[in-house]
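As structure tokens, the structure follows; a few thoughts come after it.
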Amino acid sequence: MCSVTYDSRWNYQQYKDWNYNVVSQSVRHTITGNTFTISRAAESDQGQYWCEGDRASRPISSQPSDPLTLTVKALPKTTLTVKPNPAFTGETVTLMCSVTYDSRRNYQWYKDWNYNVVSQSVRHTITGDTFTISRAAESDQGQYWCEGNRASRPISSQPSDPVTLTVKALPKTTLIVKPNPAFTGETVTLMCSVTYDSRRNYQWYKDWNYNVVSQSVRHTITGDTFTISRAAESDQGQYWCEGNRASRPISSQPSDPVTLTVKALPKTTLTVKPNPAYTGEKVTLMCSVTYDSRWNYQWYKDWNYNVVSQSVRHTITGDTFTISRAAESDQGLYWCEGNRVSRPTSSQPSDPLTLTVKDQPQPVLSISPQWMNPGDSVTLSCEVDKTSTDWRFSWYRTVPYRAGLLSLSDKSYSLQPLSDNVTSEDSYTLIPAGPTHTGGYVCRAGRGDPVYDTLYSEPQFLWSGDGDVILESPVHPVTEGDSVTLTCTFRHQGTNPKLNTDFYKDGTLIKNETTGEMTIPTVSKSDEGFYKCKSGEGESPESWVTVRVPPGSIVSISLTRLLCGLLVMSPFLLVSIVLTVKCCRARGLCSTVKSCQDQIACDDVIEQNESSV
């Protein structure tokens with residue numbers, strides 16, 4: 001707008017820049033009177049503008065105006081900020097619009113590019129440059145942008161770049177409890193985590209009455225971890241947690257509740273098989289915990305906490321402790337404990353079990369009936385120590401010693417297995433029995449893997465009740481030193497005449513008696529064997545005679561005779577052995593010799609040598 005102060009009756013000329021470019025009209029440039037209008041200003045319109053006024057009736061113009069520089073700037077940029085983004089359902093979201101040029105503007109808000117003008121509502125409010133969404137919902141998601149308008153100028157700012165608001169469901173909190181179930185005394189760790197991020201504070205609750213878990217001597221909270229030391233049954237219950245952002249008041253979704261179970265330490269069970277055991281037998285001790293099988297086991301013997309260590313005879317494999325070839329030193333109290341590989345707490349110790357180790361047993365064989373008639377059913381019964389079980393039985397018939405057959409160590413006789421040698425029953429039946437079954441029988445028992453065998457039983461004899469000639473011998477073992485009489489009887493001779501009779505031992509003729517009887521005045525171990533008699537009436541079945549040697553007899557007699565012999569042959573040894581002789585007397589070894597003559601002879605020699613010294 002050009003004006004001259006003198007009056008208003010002037011014509012005006014508009015110029016741009018100092019090269020006297022007269023401003024001409026165009027589509028965007030119009031001149032009306034003293035006014036030059038630029039519509040839709042562009043940067044090309046920038047420059048210095050000045051004007052002059054001419055009077056129609058007077059040729060003299062006014063002085064030219066001072067030049068004015070027109071500056072044309074690009075529309076100011078609008079900036080949109082959205083916090084927080086992404087947001088969680090229920091949170092308050094703030095969208096702030098700003099124009100860099102100045103702040104005196106009105107703002108228009110849009111959602112998505114279809115120019116949906118954002119209107120206010122209960123949850124949506126506009127205050128100045130701020131658009132607030134309270135209690136954000138997933139429906140609030142979308143692209144937001146804004147423009148700033150000056151109250152005195154109709155042209156808006158450039159629109160802001162669009163910002164996509166994301167509204168997510170509240171993040172889920174996850175609670176992990178380890179171990180669960182726990183045992184009393186263990187440390188339990190509860191860990192809370194939020195999938196979205198880790199910059200949270202955590203709140204812990206027990207049970208659904210919103211009991212906030214507080215710290216104590218046994219309960220500590222560090223970051224996302226709640227630790228229970230020395231767990232007790234009172235710690236059982238439902239636990240859950242929430243994660244809160246320090247800068248945002250809305251919590252995460254609470255975790256699913258986890259029920260912590262605190263159990264008493266599981267009981268350990270110890271089994272020992274076999275028990276009692278016998279020297280040389282394999283013994284298996286097995287430890288088990290009722291809870292599960294993932295345990296390491298510790299073995300103890302006796303209550304002084306002697307840890308069982310492995311050796312040549314003692315091996316530990318998992319839950320099993322094996323004693324191979326048990327000895328008397330293995331007797332005692334055994335107990336065990338189970339330890340979890342991943343957990344330091346032990347199980348309760350097992351109840352102690354006493355392992356008993358006995359000498360190798362000798363079964364007792366009985367035959368019923370011992371005198372049979374043809375066609376009888378005869379039962380052989382084998383009895384082992386009644387405190388033991390799980391035996392399998394082997395049955396044998398005694399025969400004179402023969403190479404190739406199983407024999408005892410002294411080869412006094414051989415054992416011929418019966419046809420069905422091994423049975424799980426402790427009895428064996430001969431059906432029907434006849435004269436061919438007459439003779440001695442032996443049994444033995446075995447059990448386990450590898451098989452552990454008992455000693456052989458003493459032989460017992462089966463007699464035929466219909467034989468013409470019978471050799472009557474002692475049924476039970478006779479003791480060395482006793483007198484034994486064998487009698488040959490004749491079934492069909494009512495008066496039992498004393499006929500000329502031959503007596504055989506192990507198939508060899510040893511004596512002929514006219515009385516039908518043979519007496520061994522002093523039985524020795526060498527007299528043990530199979531006997532039979534033969535006469536004109538016939539031949540008896542073989543009978544076995546067992547001779548039992550009293551404990552200590554062999555050693556005592558041998559020692560006494562050895563001393564006597566040494567003293568007689570070498571008196572000069574007396575100085576070195578006189579103390580041994582005195583000890584022998586004190587222990588009564590000389591009193592166990594076979595006869596008084598042996599005692600007297602020994603004493604005489606000792607006294608003679610003592611006097612000579």
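- Trp391 and Tyr452 have tilted rings, their planes meeting at an angle from 30° to 60° on a 0 to 90° scale.
- A side-chain donor-acceptor contact under 3.5 Å links Tyr278 and Asp385.
- Between the side chains of Ser255 and Thr174, no donor N or O sits under 3.5 Å from an acceptor N or O.
- Residues forming a ring pair (Phe, Tyr, Trp, His ring centres under 6.0 Å) with Tyr334 (at least two apart in sequence, or on another chain): none.
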From CA spacing to verdict: side chain to side chain contact (heavy atoms under 4.5 Å, CB included), Leu355, Val283: CA-CA 9 Å; Leu355 171 62; Val283 181; 4.1 Å; yes
Worked check of ring pair (Phe, Tyr, Trp, His ring centres under 6.0 Å) between Tyr441 and Tyr428: CA-CA 11 Å; Tyr441 290 87; Tyr428 184 88; 8.5 Å; no
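- For Ser524 and Ser526, the side-chain atoms include at least one donor-acceptor pair closer than 3.5 Å.
- Tested against Arg447, the residues Lys273, Glu281, Arg392 include a single side chain to side chain contact (heavy atoms under 4.5 Å, CB included) partner, Glu281.
- Each of Trp299, Trp335, Tyr297 was compared with Phe321 under the ring-ring contact (aromatic ring centres under 6.0 Å, His included) criterion, and only Trp299 meets it.
- A donor atom on one side chain and an acceptor atom on the other are found under 3.5 Å apart for Ser347 and Thr268.
- A donor and an acceptor atom, one from each side chain of Trp395 and Thr423, are located under 3.5 Å apart.
- The minimum heavy-atom distance between Arg313 and Arg325, with the atom names listed, is NH1-O, 3.0 Å.
- Side-chain contact of Thr387 with Lys358: a donor-acceptor pair under 3.5 Å is present, judged by distance alone.
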Side chain to side chain contact (heavy atoms under 4.5 Å, CB included) between Thr189 and Thr225, intermediate numbers included: CA-CA 7 Å; Thr189 302; Thr225 303; 3.5 Å; yes
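- Between the side chains of Asn512 and Asp502, at least one donor-acceptor pair of N or O atoms lies under 3.5 Å.
- Ion pair Asp351/Lys267 flagged as a salt bridge, since at least one NZ, NE, NH1 or NH2 atom sits closer than 4.0 Å to an Asp/Glu carboxylate oxygen.
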